[in-house]
*Asks:* 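Structure in structure tokens, see below.
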Amino acid sequence: MKLTKTRAQLSLAWASLMNAPGFVTAVIATLALTLATLFVVLSLVNSYFLKPLDVYDESRMVVVEQSLTYDDYDATGFQSYQSMVHWLKHNQSFEQSMMINAGEQIFANLDGEPKEPVLYVGGNYFDLLNTPFLMGQGFDLGETLETPDDRVVISANFWRKHYNSDPNIIGKTLSVMAGETDYVHRIVGVVDDSFSPPYMFKASDVEVWFPSSADRRFFHNDDWQSPWTNTFKNLKLIAVLKPGVTIDQVKVDLKQQIDTVKSEWLNNGGITDVKPEVTPYRDVELGNNDDLSLMMLAGAVGLLIIAVLNVSTFSSRALLLNIKPSPCRRC
């Protein structure tokens, strides 16, 4: 009896839907759009917020910046080469560390002398960020900041665009224009298309990497170095903490180290204090958007629930409108 009643109800529902093709189209379109939105959000959340970053060890990687205190204000997030180099060379907390900065260069030996963004990186940059190479390799881990390094790494897109996919690109040269002087660099590697530079530098389109010692904003010559007051927003340290070391311990360590050269920076241009700012690599790279990912996911699920309720409501109304009252047997 129940089975017969269920079949009758299903037949009535089907007949009602067939008599309202516009309603059926609206229902299907609503569900399809909602499900598509849900799948897109799930994909984005997984790819950018939940999936572990493809780096050496995300749980121990940090980004080091600085906070400068002047007589009448604080400046956070703008780093001087002096402090970054000192922390790079003198610390008790890092298993590995590197300095990185963004810039622009004009390439004198390429057609049109294009000006493009570049990154200056330490020798372990490519290892820490698990960089895939199409050809060649990165920089030696034993590089020194005091010795100019003439090597350069380019992206696969840069290789195709400016060198016509030359299979013998390793060893070819790339010239950088600097005033009246051109500095010639030797290409040692081509990075695969699958690699994307860190977003924290807004450098997703960077296609050329130089060693840190090639950055003449600091390593200009033996007689001049960038002053403590000359700061750069994109200049940072990326480091891997030693096992068991906490961020609070790193801050104490770096503060103690910078205070050993206090005589160099105190009252230099009005500086009264230099403090380290240490942040987990993931938080800097993703902008601490894990909470945003959960909000996006909750919003998508809520949208799906609303769509299902609306469809159910519309279906109920449609069925009611199609049910005709039984004729009065007493009439």
Side-chain angles (χ1 to χ4, degrees), residues 52-53 55-70 74-101 119-131 138-147 149 198 200-201 211-213 215 217-219 225-268 271-285 288:
L53 298 176
V55 293
Y56 175 78
D57 188 344
E58 180 184 315
S59 64
R60 291 193 290 140
M61 287 179 66
V62 296
V63 176
V64 179
E65 300 172 297
Q66 75 175 13
S67 174
L68 285 178
T69 300
Y70 293 87
D74 292 338
T76 302
F78 290 85
Q79 290 63 245
S80 70
Y81 271 105
Q82 296 286 358
S83 57
M84 293 293 107
V85 171
H86 187 78
W87 283 330
L88 184 69
K89 293 182 176 181
H90 305 93
N91 72 82
Q92 305 298 321
S93 304
F94 301 152
E95 180 181 287
Q96 297 187 57
S97 58
M98 67 170 179
M99 189 165 61
I100 183 170
N101 198 6
L119 282 181
Y120 296 94
V121 301
N124 47 355
Y125 169 92
F126 301 104
D127 288 337
L128 291 184
L129 300 187
N130 292 336
T131 309
F139 309 134
D140 295 338
L141 299 181
E143 65 152 345
T144 61
L145 298 177
E146 292 76 14
T147 303
D149 195 324
M200 70 180 76
F201 305 100
S212 293
S213 61
D215 192 347
R217 290 171 293 183
F218 177 73
F219 307 99
Q225 288 186 340
S226 178
W228 286 90
T229 53
N230 196 10
T231 59
F232 302 85
K233 183 175 180 59
N234 287 320
L235 176 60
K236 307 177 191 296
L237 289 186
I238 295 179
V240 179
L241 302 183
K242 292 179 179 178
V245 174
T246 67
I247 287 182
D248 288 338
Q249 291 172 329
V250 176
K251 291 180 179 180
V252 172
D253 173 27
L254 298 184
K255 179 56 178 171
Q256 291 175 344
Q257 298 300 332
I258 205 67
D259 282 347
T260 63
V261 291
K262 191 172 184 177
S263 59
E264 297 182 17
W265 53 259
L266 184 62
N267 296 321
N268 186 333
I271 298 175
T272 60
D273 198 9
V274 178
K275 293 175 288 188
E277 298 289 337
V278 185
T279 311
Y281 181 89
R282 182 181 182 87
D283 289 355
V284 177
E285 181 69 348
N288 199 20

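Side chains included, hydrogens not; waters and symmetry mates left out as well; all remaining heavy atoms used. Fair warning: this is a prediction, and the values are worked out from it, not measured in the lab.
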*Asks:* Just verifying a value: how many Å separate Lys89 NZ and Gln257 CD, rounded to the nearest 0.5 Å?
*Replies:* 13.5 Å
*Asks:* Calculate, to the nearest 0.5 Å, the distance between atoms CG and CZ belonging to Asp57 and Arg60 respectively.
*Replies:* 4.5 Å
*Asks:* Would you say His86's side chain and Gln82's backbone share a donor-acceptor pair under 3.5 angstrom?
*Replies:* no
*Asks:* Would you check, one step at a time, whether the test side-chain hydrogen bond (donor to acceptor under 3.5 Å, both in side chains) holds for Asn91 with Ser93?
*Replies:* CA-CA 6 Å; Asn91 72 82; Ser93 304; 5.4 Å; no
*Asks:* side-chain hydrogen bond (donor to acceptor under 3.5 Å, both in side chains) for Ser213 and Asp149? Distances and angles first, verdict last.
*Replies:* CA-CA 6 Å; Ser213 61; Asp149 195 324; 4.8 Å; no
*Asks:* Hey, does the side chain of Thr69 reach the backbone of Asp74 with a donor-acceptor pair shorter than 3.5 angstrom?
*Replies:* no
*Asks:* Any side-chain heavy atom of Thr231 sitting closer than 4.5 Å to one from Gln79?
*Replies:* no
*Asks:* Working note: Ile271 + Trp228, criterion side chain to side chain contact (heavy atoms under 4.5 Å, CB included); need CA distance, chi angles, decisive distance, verdict.
*Replies:* CA-CA 9 Å; Ile271 298 175; Trp228 286 90; 4.0 Å; yes
*Asks:* Please report the closest heavy-atom contact between Pro198 and Glu285, naming both atoms and the distance.
*Replies:* CA-OE2, 3.3 Å
*Asks:* What's the separation between atom CD1 in Ile238 and atom CG in Leu129, rounded to the nearest 0.5 Å?
*Replies:* 6.0 Å
*Asks:* Run the side chain to side chain contact (heavy atoms under 4.5 Å, CB included) check on Val245 and Phe94 step by step: do they pass?
*Replies:* CA-CA 9 Å; Val245 174; Phe94 301 152; over 6 Å; no
*Asks:* Where do Leu235 and Asn101 come nearest, in terms of heavy atoms and distance?
*Replies:* N-OD1, 3.2 Å
*Asks:* Flag the pair Glu65 and Lys236 as a salt bridge only when some basic side-chain nitrogen lies within less than 4.0 angstrom of an acidic carboxylate oxygen.
*Replies:* yes
*Asks:* So which atom in Glu277 and which in Thr76 form the shortest heavy-atom distance, rounded to 0.1 Å?
*Replies:* CG-CG2, 4.1 Å
*Asks:* Check whether any side-chain heavy atom of Val250 sits under 4.5 Å from a side-chain heavy atom of Leu241, and report yes or no.
*Replies:* yes
*Asks:* In Å and rounded to the nearest 0.5 Å, what is the OG to CG distance from Ser83 to Leu88?
*Replies:* 11.0 Å
*Asks:* Go through the steps to decide whether Tyr125 and Ile100 satisfy the test side chain to side chain contact (heavy atoms under 4.5 Å, CB included), and finish with yes or no.
*Replies:* CA-CA 8 Å; Tyr125 169 92; Ile100 183 170; 3.6 Å; yes
*Asks:* Report yes or no: does Asn130 contribute a side-chain atom to a donor-acceptor pair with the main-chain N or O of Val55 at less than 3.5 Å?
*Replies:* yes
*Asks:* Sub-3.5 Å donor-acceptor pair from the side chain of Ser80 to the main-chain atoms of Thr229, do we have one?
*Replies:* no
*Asks:* Take Trp87 and Gln66 through the test side chain to side chain contact (heavy atoms under 4.5 Å, CB included) and record every step on the way to the result.
*Replies:* CA-CA 11 Å; Trp87 283 330; Gln66 75 175 13; 3.9 Å; yes
*Asks:* If you take the centroid of each ring, where Trp contributes its six-membered ring, are Phe139 and Phe126 closer together than 6.0 Å?
*Replies:* yes
*Asks:* Among residues at least two apart in sequence or on other chains, which ones pass salt bridge (charged side-chain N to carboxylate O under 4.0 Å, His left out) with Lys255?
*Replies:* Asp259, Asp273
*Asks:* Who passes salt bridge (charged side-chain N to carboxylate O under 4.0 Å, His left out) against Glu58, sequence neighbours left out?
*Replies:* Arg282
*Asks:* Hey, does Lys251 have a side-chain heavy atom less than 4.5 Å from the side chain of Ile247?
*Replies:* yes
*Asks:* Specify the closest pair of heavy atoms between Tyr120 and Pro211, including all atoms of both residues, with the distance to one decimal.
*Replies:* CD2-O, 3.7 Å
*Asks:* Within this structure, what is the CG-CE distance for the pair Asp127 and Met98, rounded to the nearest 0.5 Å?
*Replies:* 10.0 Å
*Asks:* Which value, rounded to the nearest 0.5 Å, describes the distance between Gln96 atom CD and Leu128 atom CG?
*Replies:* 5.0 Å
*Asks:* Which residues satisfy the side-chain hydrogen bond (donor to acceptor under 3.5 Å, both in side chains) test with Thr279, sequence neighbours excluded?
*Replies:* none
*Asks:* Ignoring hydrogens, what is the shortest heavy-atom contact between Ala239 and Ser97? Give both atom names and the distance.
*Replies:* CB-CB, 3.8 Å
*Asks:* Would the distance check show the side chain of Asp253 and the main-chain N or O of Gln249 forming a donor-acceptor pair, the cut-off being under 3.5 Å?
*Replies:* no
*Asks:* Assess the residue pair Tyr56 and Asn124 against the criterion (side-chain hydrogen bond (donor to acceptor under 3.5 Å, both in side chains)); give the C-alpha distance rounded to whole Å, side-chain angles, the decisive distance to 0.1 Å, and a yes or no.
*Replies:* CA-CA 10 Å; Tyr56 175 78; Asn124 47 355; over 6 Å; no
